[in-house]
Amino acid sequence: MICVSHLSKRFAHNEVLKEINLNIGQGEVVAIIGPSGSGKSTLLRCLNLLEKPNTGIIRIGNVTLDSEHYSSKEESNLRRQSAMVFQHYNLFKNKTALENITYPLIAGQKMDKTEAKQRGLSLLERVGMLPYAKQYPVTLSGGQQQRVAIARALAVRPKVLLFDEPTSALDPERVHEVLQVMLQLAKEKITMVIVTHEMEFAKYVADRIIFMANGVIVEEGIAKSVINNPQHELTQRFLRQLTDEFDFEI
Ligand SMILES: Nc1ncnc2c1ncn2[C@@H]1O[C@H](COP(=O)(O)OP(=O)(O)OP(=O)(O)O)[C@@H](O)[C@H]1O
Ligand SMILES: [Mg+2]
């Protein structure tokens with residue numbers, strides 16, 4: 001479903017992604033973990049061209065793009081293959097939960113209003129947010145807003161969902177409801193790439209874990225084995241630090 005080869009990205013002289021190669025299958029759930037600044041968000045953002053890679057070829061579904069030469073049509077085709085869920089939800093504040101979902105369909109895809117509304121309502125139901133359809137984001141909790149954001153991402157029927165730390169801005173008691181929705185999507189075999197610090201969730205839901213550091217993929221493998229038995233020293237150190245932080249909180 002996703003095939004990335006030799007993807008590089010630099011900001012001025014800062015080489016943030018170094019020749020990344022990545023293959024993700026249809027229906028696979030992949031979690032990306034790694035220290036702050038390792039390039040996780042940049043990698044996700046490159047996949048839907050929120051950042052322009054310097055080199056590399058990206059294929060999602062049946063759309064391929066060479067990041068060194070592409071047309072605006074190829075760009076919009078590739079963008080349409082994926083949808084992103086952000087840490088801070090990024091909902092339109094002046095639109096209701098339902099309008100947040102229907103607006104991109106009506107304005108972007110020129111969908112008929114009745115059809116957009118039907119799709120919006122059924123997606124709100126899928127994420128348990130139907131009773132809140134007419135509410136504005138400011139009246140919803142973080143977890144509720146994030147569930148609307150997931151429904152909005154699903155509305156365009158992307159081949160791939162990209163999540164950038166979807167639960168890290170939430171109050172701890174709200175994390176569960178968002179993870180629950182993501183778990184459901186994983187069961188439905190939606191291809192997902194999730195940048196997360198939720199190791200237990202990653203272990204439980206992800207088929208594969210990718211550990212990144214300094215702009216490269218250092219280690220990857222079946223989720224349980226990477227977390228329980230990391231091979232690379234950097235992975236071991238990263239996971240140990242997470243455990244230490246956890247102990248500290250207790
Ligand atoms: N728009 C930008 N302009 C300049 N530098 C950037 C930009 N975005 C990211 N960077 C730099 O790229 C590097 C990787 O950043 P990125 O946000 O991808 O890391 P990350 O792994 O997602 O970190 P975190 O866990 O803190 O979210 C960092 O050194 C960051 O400062
Ligand atoms: Mg990030």
Side-chain angles (χ1 to χ4, degrees), residues 2 4-22 24 29-56 58 60 65 67-68 75 78-79 82-91 142 145-146 149-150 153 160-172 174-175 178-179 182 192-203 205-206 208-221 223 226-227 230 232-246 248-249:
I2 303 180
V4 169
S5 58
H6 303 289
L7 180 75
S8 298
K9 172 69 183 171
R10 44 173 199 277
F11 293 107
H13 296 295
N14 186 7
E15 241 190 299
V16 173
L17 297 176
K18 301 165 189 164
E19 299 266 331
I20 298 276
N21 295 303
L22 179 65
I24 296 175
V29 177
V30 172
I32 302 180
I33 62 172
S36 181
S38 55
K40 306 179 298 294
S41 297
T42 306
L43 175 58
L44 272 198
R45 293 168 65 81
C46 282
L47 289 180
N48 71 355
L49 302 177
L50 282 172
E51 295 293 351
K52 310 274 187 259
N54 293 106
T55 64
I58 301 173
I60 304 182
L65 177 141
S67 54
E68 288 177 272
E75 176 176 345
L78 186 76
R79 279 219 169 108
S82 63
M84 183 96 125
V85 175
F86 301 92
Q87 183 176 3
H88 294 287
Y89 340 123
N90 298 18
L91 294 177
Q145 290 186 58
Q146 193 60 301
I150 293 173
V160 175
L161 279 182
L162 307 171
F163 294 84
D164 194 358
E165 301 198 31
T167 60
S168 54
L170 298 177
D171 293 335
R174 289 289 183 176
V175 168
V178 171
L179 295 183
M182 293 170 67
M192 302 200 276
V193 187
I194 309 166
V195 173
T196 185
H197 288 126
E198 300 281 344
M199 288 308 135
E200 282 306 310
F201 176 72
K203 195 156 77 175
V205 174
R208 185 150 52 107
I209 285 200
I210 290 178
F211 172 73
M212 281 182 73
N214 307 319
V216 299
I217 295 175
V218 170
E219 179 166 353
E220 62 180 303
V226 172
I227 291 182
H232 197 285
E233 193 201 324
L234 288 174
T235 325
Q236 291 165 357
R237 199 186 307 160
F238 174 75
L239 290 170
R240 205 163 46 230
Q241 270 168 2
L242 282 187
T243 326
D244 290 349
E245 274 170 32
F246 187 59
F248 181 73
E249 276 171 27

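One-based numbering, in listed order, for ligands and for the atoms of each.
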Are there protein heavy-atom neighbours of atom 13 (C) of ligand 1 below 4.0 Å?
-> yes
Among all protein heavy atoms, pick the one closest to atom 29 (O) of ligand 1 and tell me residue, atom and distance.
-> N14 ND2, 3.3 Å
Considering only the protein, which heavy-atom contact is closest to atom 15 (O) of ligand 1, and what is its distance?
-> T42 OG1, 3.8 Å
Contact (N/O only, under 3.5 Å) between G37 and ligand 1 = yes
Taking both backbone and side-chain atoms of G39, is any N or O found less than 3.5 Å from an N or O belonging to ligand 1?
-> yes
Would you say Q146's side chain and V178's backbone share a donor-acceptor pair under 3.5 angstrom?
-> no
Give the numbers and elements of all ligand 1 atoms closer than 4.0 Å to a heavy atom of P35.
-> 21 (O)
For N54 and R10, indicate whether the former's side chain and the latter's backbone hold a donor-acceptor pair under 3.5 Å.
-> yes
Check whether any heavy atom of G215 sits under 4.0 Å from an atom of ligand 1.
-> no
Who's the nearest protein heavy-atom neighbour of atom 26 (O) of ligand 1, and how far?
-> S36 OG, 2.6 Å
Please check if the side chain of E19 supplies one atom and the backbone of S5 the other of a donor-acceptor pair under 3.5 Å.
-> no
Option of least heavy-atom distance to atom 25 (O) of ligand 1 (set: Q87, E51, K40) | K40
Side chain to side chain, F201 and I194, heavy atoms closer than 4.5 Å | yes
Heavy-atom closest contact (N21 atom, I217 atom, distance) | O-CD1, 3.6 Å
Straight-line distance of L239 CG to F211 CZ, nearest 0.5 Å | 7.0 Å
Note: ligand 1 atoms sitting under 4.0 Å from heavy atoms of E165 are 25 (O), 27 (O)
Could you list the atoms of ligand 1 found under 4.0 angstrom from a heavy atom of V16?
-> 12 (O), 13 (C), 14 (C)
Can you tell me which residue and heavy atom of the protein come closest to atom 9 (C) of ligand 1, and the distance to 0.1 Å?
-> F11 CE1, 3.5 Å
Short N or O distance, S41 and ligand 1, threshold 3.5 Å exclusive = yes
Any chance you could measure I209, atom CD1, to I227, atom CD1, to the nearest 0.5 Å?
-> 3.5 Å
So how far is it from R174 CZ to T167 OG1, rounded to the nearest 0.5 Å?
-> 14.0 Å
